[in-house]
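Notes follow once the structure below has been shown.
Note that this is a predicted model, so its numbers are computed, not measured.
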Amino acid sequence: MVNKAWKIIPRPLLETILNNHAQHHRVPQPLILHGPRGVGKTTLILERILGEWNKGPHLTGYVDFAQSIKDHHPNFDGSFPWYSWSSCELPSLSSCQTQLENCLESMAHKGIKLGTISSHQIFTTLNKWHGINTALRRILNQNASKIAISNKVSSSGLWDRAVFALSARFNASEIDGVLDFEGKGKSLCIDEASYFKDAIVALRLAKEVIKMQQKWRANAISDLNRSGRFSRSLANSCTDWPCLLLELLSQAAEIGHFQPKLVINNVEILRIAMLTDDSTVCGSMYHDSLIWRIIALGANERCLPVILVTSDSYYSYQAFMDFGFPDIFVSRETFGWTPQEAKMHMVTDYFTHAEWMVIDDVLGPNPRHLFEVYVLKQSNYYQKLMDDEASTFEDIVDAYLAYLQVTVVNPSMDKALSILQKFAIDARSGKILEHRLHFGAPWRHPSSSKDPTKCKEWAKIQLMDFVQSLVNAEFGVNYLADCSLEILDDPAAVALVEVGLLYAQRDPSFFRPISKGIQRCLARWLVQERMQLSYQNLLQYLWQRIIRGRSYRHLMLQVGYDKY
């Protein structure tokens with residue numbers, strides 16, 4: 001048991017649900033796989049599903065927008081953070097965009113090799129949504145074509161000429177390398193080789209047409225980014241190329257022959273990615289445009305299965321409302337193991353029964369907590385600790401809790417304080433809508449002083465008040481109870497969700513800490529902050545609790561819904 005390797009344990013029910021969705025070659029809705037951090041969503045996709053989804057006729061493109069965050073990604077010997085990605089060094093939007101486009105282009109190349117995507121199909125799909133004549137004429141002129149082109153030439157005629165002109169620009173070995181024809185060329189007749197090569201060149205031509213049209217809008221996009229306004233047409237122009245590829249792949253999908261799928265992990269990073277230049281719109285606008293168009297493609301013509309994987313609770317409820325209605329996506333929410341399931345998998349193999357009782361009581365059955373404690377148990381630190389006769393397994397759990405407190409919870413609470421300070425500044429300058437500052441709201445009267453110290457004290461009292469109200473409600477608050485949605489206006493609740501310590505689950509609709517271990521650290525933070533309050537601040541805190549204090553006990557988690 002001491003040196004037993006950690007194994008990936010199957011999740012039969014969830015795997016079956018995802019497999020049933022992915023077996024369709026085209027579907028009407030994208031699927032969102034969401035849940036708190038550490039419950040094993042990425043592990044399930046990479047270790048249990050992705051391999052099977054690339055066998056036979058199945059082809060799955062996998063995009064992880066967190067891959068470029070080297071300090072917090074397993075590919076670079078890191079680990080995904082417990083807190084939200086907004087607290088990390090964010091990647092640029094252009095890198096996320098390139099990552100998505102490269103994945104879809106490689107899938108399109110596979111479709112061309114199988115003969116399901118042709119030059120004519122690319123032209124038809126492109127011409128359906130874009131006026132391409134002017135762009136094609138400019139591309140022909142760029143390719144040293146000095147012959148005047150009549151205005152009477154049709155779009156298809158221009159397309160054929162452009163494909164021919166562009167094919168002369170590319171090296172034949174380069175095209176053969178994309179199609180992997182080296183060594184296979186002798187088995188293809190001239191017509192077949194020409195068909196495949198025309199399709200590859202047509203795909204590159206379509207990309208050039210779209211990029212050229214986007215350059216024409218460059219000044220408008222630059223002005224949009226400076227002014228902060230919204231334009232659906234400009235946002236759509238930035239997602240034209242990935243959406244064209246998605247439509248081509250969806251049209252080419254055929255049961256038993258070519259069944260493409262797309263998995264986008266950590267999709268929330270796209271919303272907050274940094275805009276480093278004016279080549280595209282801001283991250284949130286790009287994100288919304290991409291998802292809107294995936295939804296539209298699925299609703300109108302059916303789309304290849306698209307699975308969005310996220311730990312951001314925005315996608316558990318709010319995203320459904322922002323994009324239309326509660327069932328606009330297929331929602332699959334996972335909370336990892338129940339205590340009974342975790343005990344069945346962990347006891348005797350990784351922990352003794354006595355050790356498990358401590359873990360279940362302190363940390364809960366969160367798979368990442370269990371893995372990290374097991375790694376700590378195998379370390380030299382644990383062996384030295386156990387050599388001391390006075391030490392017990394509880395000491396290693398306390399050390400792990402201290403690690404969570406120092407590296408996860410305390411920095412996240414500092415980030416939440418800065419968010420509340422910004423709320424106070426915005427409220428003072430009139431940027432907060434009146435309905436959020438309604439009569440009786442505990443946060444209605446933020447500090448009127450411009451002194452940052454006073455503002456921080458107000459923010460800390462608000463955050464302590466909210467955490468105390470969570471403690472009184474036993475860390476389970478139903479945010480849809482009575483359809484009041486009152487807690488969604490609470491800036492402290494919004495801040496803790498934004499930094500990733502609270503998770504707003506979909507079914508049932510509860511705010512709660514992402515794990516029992518994080519819940520215990522939140523309670524420790526509250527005790528520590530109360531002990532550090534000055535006499536004056538303590539009086540202000542007590543006055544806040546007694547006169548204006550929050551109370552969410554009427555929204556308490558109901559019996560039978562404990563999903564830690």
Side-chain angles (χ1 to χ4, degrees), residues 1 4-62 64 74 80 255-256 259-267 304-311 313 315-316 327 329-351 353 356 359-360 363-374 503 505-508 510 512 514-516 560-564:
M1 182 186 75
K4 188 176 179 64
W6 188 267
K7 63 181 179 180
I8 306 301
I9 298 170
R11 303 280 299 281
L13 180 59
L14 185 56
E15 289 177 27
T16 300
I17 291 171
L18 295 177
N19 284 328
N20 287 344
H21 181 81
Q23 289 305 314
H24 299 281
H25 65 303
R26 284 189 290 268
V27 295
Q29 295 170 282
L31 182 146
I32 297 182
L33 175 63
H34 55 106
R37 286 172 175 76
V39 298
K41 300 180 294 298
T42 300
T43 302
L44 175 73
I45 294 292
L46 293 180
E47 304 293 340
R48 294 288 306 169
I49 288 179
L50 202 59
E52 295 297 322
W53 287 0
N54 279 293
K55 292 181 179 178
H58 299 281
L59 172 68
T60 303
Y62 178 76
D64 185 358
F80 292 132
I255 294 178
Q259 294 184 237
K261 288 165 273 292
L262 178 64
V263 178
I264 302 179
N265 195 8
N266 296 305
V267 66
L304 60 85
V306 176
I307 297 173
L308 309 176
V309 185
T310 177
S311 299
S313 54
Y315 297 88
S316 63
D327 297 317
F329 303 104
V330 178
S331 171
R332 290 296 176 263
E333 193 169 35
T334 177
F335 300 99
W337 294 322
T338 64
Q340 294 78 13
E341 290 172 334
K343 180 180 179 180
M344 179 178 64
H345 295 309
M346 294 291 108
V347 173
T348 69
D349 282 344
Y350 302 103
F351 303 104
H353 187 270
W356 171 252
I359 292 173
D360 185 32
L363 300 174
N366 185 287
R368 195 192 298 181
H369 279 326
L370 300 179
F371 173 71
E372 290 177 349
V373 170
Y374 181 68
Y503 180 77
Q505 64 189 53
R506 177 179 175 86
D507 184 25
F510 293 121
R512 65 177 182 83
I514 57 176
S515 72
K516 189 180 286 188
Y561 285 124
D562 187 5
K563 289 200 172 186
Y564 285 117

Of the non-hydrogen atoms in [X] and [Y], which two are nearest, and what is the gap between them?
| X | Y | value |
| --- | --- | --- |
| D507 | F335 | O-CE1, 4.2 Å |
| G38 | P367 | O-CD, 3.2 Å |
| K516 | L363 | CB-O, 3.5 Å |
| P260 | P305 | O-CD, 3.5 Å |
| L50 | N54 | O-ND2, 3.0 Å |
| P365 | P339 | CG-N, 3.9 Å |

Using modelled atom types and a 3.5 Å cut-off, is there a donor and acceptor pairing between side-chain atoms of [X] and backbone atoms of [Y]?
| X | Y | answer |
| --- | --- | --- |
| N266 | D64 | no |
| Q505 | P508 | yes |
| T43 | G40 | no |
| E15 | I49 | no |
| S515 | N366 | no |
| T338 | E341 | yes |

Pick out which of L370, D360, I359 makes a side chain to side chain contact (heavy atoms under 4.5 Å, CB included) with M346.
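The passing option is L370.
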Given V27, which of H24, H25, Q29 fulfils the side chain to side chain contact (heavy atoms under 4.5 Å, CB included) condition?
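So, applying the side chain to side chain contact (heavy atoms under 4.5 Å, CB included) to V27 and each of H24, H25, Q29, only H24 qualifies.
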Which distance, rounded to the nearest 0.5 Å, do you find between the [atom1] of [X] and the [atom2] of [Y]?
| X | Y | atom1 | atom2 | result |
| --- | --- | --- | --- | --- |
| R332 | L18 | CZ | CG | 8.5 Å |
| T310 | N265 | OG1 | CG | 8.5 Å |
| T60 | K55 | OG1 | NZ | 12.0 Å |
| I9 | R48 | CD1 | CZ | 10.5 Å |
| H345 | Q340 | NE2 | CD | 11.5 Å |
| F371 | I8 | CZ | CD1 | 8.5 Å |

May I have the step-by-step check of side-chain contact (heavy atoms from CB on, under 4.5 Å) for L14 and L33, ending in yes or no?
CA-CA 10 Å; L14 185 56; L33 175 63; 4.1 Å; yes
Is the distance between the ring centroids of Y350 and W6 under 6.0 Å?
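Yes; Y350 has its ring centre under 6.0 Å from that of W6.
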Polar contact flag, side-chain donor to acceptor under 3.5 angstrom, S311-K41:
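Per modelled atom types, S311 and K41 side chains form a pair under 3.5 Å.
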I'd like to know if the side chain of T334 pairs up with that of R11 as donor and acceptor (distance under 3.5 Å, no hydrogens or angles considered).
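There is such a pair (donor and acceptor under 3.5 Å, judged by atom type) between the side chains of T334 and R11.
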Please examine the side chains of H58 and E52, heavy atoms only from C-beta on, and report whether any two atoms are closer than 4.5 Å.
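Not in contact.
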Does a side-chain heavy-atom distance below 4.5 Å link F80 with T42?
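A side-chain contact under 4.5 Å exists here.
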Under a 4.0 Å threshold between the charged nitrogen and the carboxylate oxygen, would R506 count as salt-bridged to E333?
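No.
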